[in-house]
Amino acid sequence: MISRSDFVRLSAALAGGMVLEFGVNGCSNRSSAVSAPKTVFQPSQWLVVRPDETVTIIINKSEMGQGVATGLPTIVADELDVPFERTSVQFAPAAPEYVDPLFKAQLTAGSRAIHAMWMPLRIAGATARAMLVSAAAQKWSVAPSTLRTSAGYVIDPASNRRASYGSLVADAAALPAPKNVPLKHPSQFTLIGRHNKRSDTLAKVTGSAKFGIDQRVPGMKFATVLHPPVFGSTIRSFDASKAKQVKGVTEVVQLPDNMGIAVVANNTWAAFQGRLALTVAYDNGPLAHTSSDDLYARFRRLAVSKAGAKVALVRGNVDATHGTVVTGTFESPFVAHAAMEPMNATAAVTADGVEIWAPTQGQTLTQASAAKIAGVPLEKVKVHTTYLGGAFGRRCYADFTNEAVALSKAINAPVQVIWPREEDLQHDYYKPLALNQIRGVLDANGDLVAVDHTVVMDSIMTDLLGPPPNGIDVISLSAVLDTQYAVRNYRVRYINPKTGVPAGFLREPGANANVFAVESFMDDAAHVAGKEPAAFRLRLLSGAPRAANVIRTVVGRADKAAAGTAHGLAYANWDGTDCATIAEVSMSGQTVRVHRVWVVADCGTIVNPAIVEQQLAGATNYGLSMALMSKITLKNGAVAENNFYDFNVLRLKDAPRIDVHAVKSDAPPNGIGEAATAPVIAAVGNAIFALTGKRVRRLPFSDGLALA
């Protein structure tokens, strides 16, 4: 295994081996991320073939439970024609060679890992296979076209000669890399589409998998950070005398740029206790008296007045369309990511540069931010990606890694910074509070012919990617701008309220609020039109056959509603993946119980069916938390929730039985980790409506039912 901490030193492990380098568009001549001794072919950003018949596959994506450490190697191994069990995985260092071809950065987000790396990794595997075949052909003095490969061997059918890949690496290393190699036809796949075992399961079960929180460095200190509680507030002064009296506490440091106050100790427990002993005075700023209720009221005023609204899309003439009017206003709260592994990072700033060990989704941002804080060139910052104990978008940001770097620089020692759960919940980049106002028009046939949709939501992209072009955040408008429904007259307006509360990417960002609104409205419109919900939607999806298919399929798979329950249907498209969900719901008073959920998704080519099923089920349960109980409440400019006793998530006892089906397809793969989150939220709301006749217009439903 090539060391993550020293990818440069390949010679000891790879002497006599072949290292292949392939860029995102095929082959490249050199990698600036690594250097190799002249005795090997070239360093590779995607794979290493060794004489011992093993293959190391380097992936540029973070493993947070979604299965990329299995899915991405499967793509390479299939094109290479090597048994999957001979492969191992290495997380790539932060370097230009490993940028995502879609994001143009090292970033794991948007369910795009398989989608983005599908072709680059296929090309890498196929090119390596072609070089091994050419090496064998030269050795045997035959044409490469007469040879075939199987299970890590090059085979000459005419003579029954076989050469293992390991025996060919030296010869293959001397060959030029071919261009435009042919790729397998889907009918030739031997690993893609099969239930291959996850490569990380054993390590996680045995405890050998290293997460960020597991990192240890010689001489390392432990620390935590107390952040200003009110958004936009600053530290006026603090008294650390009591904190320093805690046994094990060694230092208390105010971090730059209002990051907070770090308590450094010999162990994490002492650091946490020292944090609780701090006395701090703050200047609270303009949000000091703001609450979630205040923001909802302000959002309603904005939706009515259209103050600051920007027209994001116009099709036809909404204002000139007349008929039966259907309206709805839908609200959803702030929600925290609440990953099970709280924010943490380990950093060592020395005269030679910066070294970071972190469970990060954003290596490029982490590296760039660290270089700025430490005042060193970018190439002097090494980022080692560990396993992530959950993320859901939260670890795209560099705030937690920045703290470790700034603190290590201040104390001149390696340090691990860990946030307690309270800091994790109260200083997130949240799913933003949102309001959707929709006005639709039905014609005499009961068809939806016009929709006027206003979204009031903080810009999701600003904190990570910068302000949106023209002030229109396409991520905040997910599932609204890119709707699959063909409504002839359609207008979308966007209002960025700029609440001052950090807004971020949370599983199916933008869509997790917008789909709730759109699909609730669709059921309302179907009800007014006197049409069955699925048939009403299918009329609008005549030009989207894959979308229509998942709806028809989920309707066909769902059982008849049990006595005392009702079914609700919802559909969404997330970044090219169509997903339809039916939820079976009962109610006792204002308590909602979800008994069954049926999910059908079309994500194109399925690399690993087991992982697809796991992700659809996991996303459904995550969506159920958002639907039923999860919320962050702002009171006097600060988050009121503290831990899992008041920030509620779905418990095992309340999880429903989930029936998952992924549509088989030869289309290029799309994302799967988020697609099922949003539809189940709306499906539960539509089931409540079918059961009670009440339309719940605010999430979570535990709040919304009280207002219905």
Side-chain angles (χ1 to χ4, degrees), residues 102-103 107-112 115-116 309-313 315 330-335 337 392-394 396 429-438 451 453-485 487 490-497 503-522 541 544 546-547 550 570-581 601-603 619 622-623 626-627 670-683 699:
L102 295 177
F103 289 123
L107 179 66
T108 306
S111 297
R112 290 187 172 188
H115 174 64
K310 293 184 177 294
V311 177
L313 176 66
R315 184 168 64 234
F330 305 90
E331 300 171 337
S332 60
F334 298 111
V335 179
H337 295 80
F392 314 116
R394 175 60 179 93
C396 293
Y429 288 86
Y430 302 93
K431 172 213 156 304
L433 187 138
L435 181 144
N436 282 253
Q437 183 193 70
I438 309 177
V451 168
H453 193 150
T454 298
V455 176
V456 186
M457 185 191 301
D458 276 335
S459 168
I460 293 173
M461 70 164 56
T462 295
D463 281 323
L464 186 65
L465 305 174
N470 304 316
I472 298 171
D473 190 327
V474 297
I475 298 171
S476 296
L477 293 174
S478 293
V480 178
L481 274 185
D482 54 347
T483 179
Q484 300 295 296
Y485 293 122
V487 180
Y490 189 56
R491 178 169 62 201
V492 177
R493 288 182 275 208
Y494 173 63
I495 299 173
N496 182 0
F505 294 77
L506 184 144
R507 209 164 187 174
E508 212 164 345
N512 48 38
N514 298 336
V515 168
F516 163 59
V518 170
E519 291 298 295
S520 297
F521 171 81
M522 283 292 173
L541 293 170
R546 293 172 72 176
V550 295
Y571 158 80
N573 178 284
W574 174 251
D575 197 32
T577 294
D578 293 290
C579 184
T581 299
D602 182 349
C603 63
Y622 198 94
M626 296 172 68
N670 284 304
I672 200 65
E674 299 172 88
T677 301
V680 74
I681 300 172
L699 295 175

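Quick caveat: nothing in here was measured; it's all calculated off a predicted structure. Heavy atoms only: backbone and side chains are in, while hydrogens, waters and symmetry mates are out.
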On a heavy-atom basis, which atom in Ala547 and which in Tyr571 lie closest, and how many Å separate them? CB-OH, 3.2 Å
Asp602 side chain to Asp578 backbone, donor-acceptor under 3.5 Å: no
Can you check whether Ala678's main-chain N or O pairs, donor with acceptor, with Glu508's side chain at less than 3.5 Å? yes
Taking Arg315 for its side chain and Val487 for its backbone only, find out whether a donor-acceptor pair lies under 3.5 Å. yes
What heavy-atom pair brings Ala572 and Pro679 nearest, and what distance separates the two atoms? CB-CG, 3.7 Å
With Tyr490 via ring pair (Phe, Tyr, Trp, His ring centres under 6.0 Å) - residues at least two apart: none
Looking at every non-hydrogen atom in both residues, tell me the closest pair between Phe505 and His337 and how far apart they are. O-NE2, 2.6 Å
If you take all heavy atoms of Cys579 and Ala675, which pair is closest and at what distance? CB-O, 3.7 Å
Which atom pairs, one a donor and one an acceptor, fall under 3.5 Å between side chains of residues 456-466 and the rest of the protein, sequence neighbours left out?
{"residue": "Asp458", "atom": "OD1", "partner": "Lys498", "partner atom": "N", "Å": "2.9"}
{"residue": "Asp458", "atom": "OD1", "partner": "Thr499", "partner atom": "N", "Å": "3.0"}
{"residue": "Asp458", "atom": "OD2", "partner": "Thr499", "partner atom": "OG1", "Å": "2.5"}
{"residue": "Ser459", "atom": "OG", "partner": "Thr462", "partner atom": "N", "Å": "3.3"}
{"residue": "Ser459", "atom": "OG", "partner": "Thr462", "partner atom": "OG1", "Å": "2.6"}
{"residue": "Ser459", "atom": "OG", "partner": "Asp473", "partner atom": "OD2", "Å": "2.6"}

Rounded to the nearest 0.5 Å, what separation is found between the CZ atom of Arg546 and the CG atom of Asn573? 9.0 Å
Report yes or no: does Ser520 contribute a side-chain atom to a donor-acceptor pair with the main-chain N or O of Ala517 at less than 3.5 Å? no
Does the side chain of Pro509 reach to within under 4.5 Å of the side chain of Phe392, using non-hydrogen atoms? no
Validation row: Val474, Pro468 side chains within 4.5 angstrom (heavy atoms): no
Return the minimal non-hydrogen interatomic distance between Thr577 and Ala601, and the atom names on each side. CG2-CB, 4.4 Å
Pair Asn512-Tyr622, side chain to side chain contact (heavy atoms under 4.5 Å, CB included): steps then yes or no: CA-CA 11 Å; Asn512 48 38; Tyr622 198 94; over 6 Å; no
Examine distances only and state if a side-chain atom of Lys431 and a backbone atom of Pro333 form a donor-acceptor pair shorter than 3.5 Å. yes
Any donor-acceptor N/O pair, Thr454 side chain to Gln437 backbone, under 3.5 Å: no
Drop me the distance from Asn436's CG to Ser332's OG, to the nearest 0.5 angstrom. 7.0 Å
When rounded to the nearest 0.5 Å, the distance separating CG of Asp575 from CD1 of Ile672 is 11.5 Å
Side chain to side chain contact (heavy atoms under 4.5 Å, CB included) assessment of Leu102 paired with His115: CA-CA 9 Å; Leu102 295 177; His115 174 64; 3.4 Å; yes
Parallel, tilted or perpendicular, judged at 30° and 60°: which one describes the rings of Phe516 and Phe330? perpendicular
Shortest non-hydrogen contact from Ala312 to Leu477? CB-CD1, 3.7 Å
Distance check, rounded to the nearest 0.5 Å: Met626 atom CE versus Arg507 atom CZ? 10.0 Å
Just how far is it from atom OG of Ser476 to atom CG of Leu481, taken to the nearest 0.5 Å? 10.0 Å
Could you tell me whether the side chain of Val518 reaches within less than 4.5 Å of the side chain of Tyr485, counting heavy atoms only? yes
